[in-house]
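The structure presented is a predicted model; accordingly, all values stated were derived computationally and were not measured.
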Amino acid sequence: MPELPEVETIRLGLQNKIIGLTIKQVELLTPKSFQGNPKDITGKKIVGLWRRAKILGVVLESDFTMLIHLKMSGQLVYDSGKRPALPDGSRGRFIGGHPTPDMELQMPNRSTRVIFTFDDPLRPRSETSGSKLYFNDQRRFGWVKIVDSGQGIVDSLLNNLGPEPLEKEFTWQILRQNLLRHKTLPIKVALLDQSIVSGIGNIYASEACFNAKINPKTSISNLSDKQFKDLHKGILKALQDGIKHGGSTRTNFVDSEGRRGYFLDYAFVYWRDKEPCRVCNTTIEKIQLRGRGTYYCPSCQK
DNA sequence: CACTTGACCTGTCCGC
DNA sequence: TGCGGACAGGTCAAGT
């Protein structure tokens, strides 16, 4: 579920917490979730943190970068060790009405795969002190990968990705050009293709089509230039709104402090089938496209 | 070549 | 109550 806005929310939260910290220990509770040698990053200081598409990069001094993909159910939760990891305010309702079991708020929990412990500058001699970063992943699709920072290795792993939608080089003309490589695809399916535009997943693909007033089934070859422009704007709005509300939590997304995101309280179509359109009151419909749930307003999106 | 399906996983929900 | 099956959705490999 983490898409660009969710990963960006995590990056923004971690940025002022872990840069400058030194990794003291790496514990692999689920070794399969971690590729590479933990020794390559142990004792190294974190000097940078970036996001490309849905991938986070943790840059370490002297040669290594740790790439993290959260896939469906990944979380990165930071615990300073100085106060409760998860403030009481986070124990809110989840969409769908599931109260959050306290157990899931404890770190570590049964979905914790990797624990990073940092040197605590305040208590450098203690073995047990130090803040921690927990990589949790219920479904184990996500991964952490240690790669050499140099020799273009990181670039080669990222170079099949399409443009970053929130960067200025992502124009409507670029969007059109990349989409026209696949003339017959339904537009919503194409938006999930990371080589066309990166970072969009199933939630924001439906929302972007709604914002542009385009039916998600529409074949790319049938789109006008006005519709490419509207789609470009619709993508930006969906992603920016997602970031503004701290991401989308349908089941288990949380930010770096364990807090849910609120975008779905403002979404127009995603997970709103059988509910009235916020614009025209028509009942929102759900269909399957390429096996993925797709939501739209049959009246606003002809 | 264009496109679809299956695999990877776990947890929840629904019908019988 | 228990059980089987569908569903959730990111990405890649394999299949049509």
Can you identify which nucleotide, out of [options], has its nearest atom closest to the [X] side chain?
X	options	result
A:Tyr270	C:dA8, C:dG10, B:dG11	C:dA8
A:Arg290	C:dA8, B:dT4, C:dG10	B:dT4
A:Arg250	C:dA8, C:dT11, B:dG11	C:dA8

Worksheet item: Under the side chain to side chain donor-acceptor pair (under 3.5 Å) rule, what pairs show up with a residue in residues 207-217 of chain A, not counting sequence neighbours?
Response: A:Lys217-A:Tyr296
Worksheet entry | Pairs touching residues 7-21 of chain A that satisfy side chain to side chain donor-acceptor pair (under 3.5 Å), sequence neighbours left out | A:Glu8-A:Arg11, A:Glu8-A:Arg51, A:Arg11-A:Gln15, A:Lys17-A:Ser256, A:Lys17-A:Glu257
Using the test salt bridge (charged side-chain N to carboxylate O under 4.0 Å, His left out), find all partners of [X] that sit at least two apart in sequence or belong to another chain.
X	answer
A:Asp255	A:Arg259
A:Lys226	A:Asp230
A:Lys71	none
A:Asp155	none

What is the distance, rounded to the nearest whole Å, between atom [atom1] of [X] and atom [atom2] of [N]?
X	N	atom1	atom2	value
A:Met72	C:dC12	CE	C1'	14 Å
A:Leu180	B:dA2	CG	C1'	16 Å
A:Leu185	B:dA2	CG	P	10 Å
A:Leu4	C:dT11	CG	P	11 Å
A:Lys183	B:dA2	NZ	C1'	13 Å
A:Ile220	B:dA2	CD1	P	12 Å
A:Arg110	B:dT12	CZ	C1'	12 Å
A:Asp273	C:dC7	CG	P	13 Å

Worksheet entry | Short side-chain N/O contact from A:Arg292 to OP1 or OP2 of C:dC7, under 4.0 Å | no
Worksheet item: A:His182 side chain N/O closer than 4.0 Å to the phosphate oxygens (OP1, OP2) of B:dA2?
Response: no
Gap in Å between the two [atom1] atoms, one belonging to [N] and one to [M], rounded:
N	M	atom1	value
C:dG5	B:dA7	P	15 Å
B:dT5	C:dC7	P	13 Å
B:dC9	C:dA14	P	16 Å

Item to complete: State the dot-bracket string of DNA chain C. Criteria: Watson-Crick or G-U wobble, both atom distances under 3.5 angstrom; notation: ( ) intrastrand, [ ] crossing earlier pairs, | interstrand, . unpaired.
Response: .|||||||.|||||||
Only distances under 3.5 Å count here; give the side-chain donor-acceptor pairs of residues 193-202 of chain A to other protein atoms, sequence neighbours excluded, each with its distance to 0.1 Å.
unit_1   : atom_1 : unit_2   : atom_2 : d
A:Asp193 : OD1    : A:Ser195 : N      : 2.8
A:Asp193 : OD1    : A:Ser195 : OG     : 2.7
A:Gln194 : OE1    : A:Gly199 : N      : 2.8
A:Gln194 : NE2    : A:Leu192 : O      : 3.2
A:Gln194 : NE2    : A:Ile200 : O      : 3.0
A:Ser195 : OG     : A:Arg181 : NH2    : 3.4
A:Ser198 : OG     : A:Arg52  : NH1    : 3.2
A:Ser198 : OG     : A:Gly162 : O      : 3.3
A:Ser198 : OG     : A:Pro163 : O      : 3.0
A:Asn202 : OD1    : A:Lys188 : NZ     : 2.6
A:Asn202 : ND2    : A:Gly293 : O      : 3.0

Restricting both atoms to N or O, compile the protein contacts to nucleotides 13-16 of chain C shorter than 3.5 Å, with distance only.
none

Worksheet item: With sequence neighbours left out, which residue pairs that include part of residues 205-232 of chain A fulfil the ring pair (Phe, Tyr, Trp, His ring centres under 6.0 Å) condition?
Response: A:Phe170-A:His232, A:Phe210-A:Phe268
Worksheet item: Is A:Val147 isolated, or which residues cluster with it under the ILVMFWY side-chain rule of less than 4.5 Å, directly or via members?
Response: A:Val47, A:Trp50, A:Ile55, A:Val59, A:Leu67, A:Trp143, A:Ile153, A:Val154, A:Leu157, A:Leu158, A:Leu161
Item to complete: Using the six-membered ring of A:Phe253, assess whether NZ or CZ of A:Arg250 lies under 6.0 Å from its centre and within 45 degrees of the ring axis.
Response: no
Worksheet item: So which heavy atom on A:Thr294 is nearest to which on A:Ser206, and how close?
Response: CA-OG, 3.9 Å
Fill in: Minimum-distance pair of heavy atoms, taken over all atoms of A:Ser73 and A:Arg140
OG-N, 4.4 Å
Contact list (N/O, under 3.5 angstrom) for nucleotides 6-10 of chain B vs protein:
unit_1 : atom_1 : unit_2   : atom_2 : d
B:dC9  : OP1    : A:Lys32  : NZ     : 2.2
B:dC9  : O2     : A:Arg139 : NE     : 2.7
B:dC9  : O2     : A:Arg139 : NH2    : 3.4
B:dC9  : N3     : A:Arg139 : NH2    : 3.2
B:dT10 : OP1    : A:Arg140 : NE     : 3.0
B:dT10 : OP1    : A:Arg140 : NH2    : 2.9

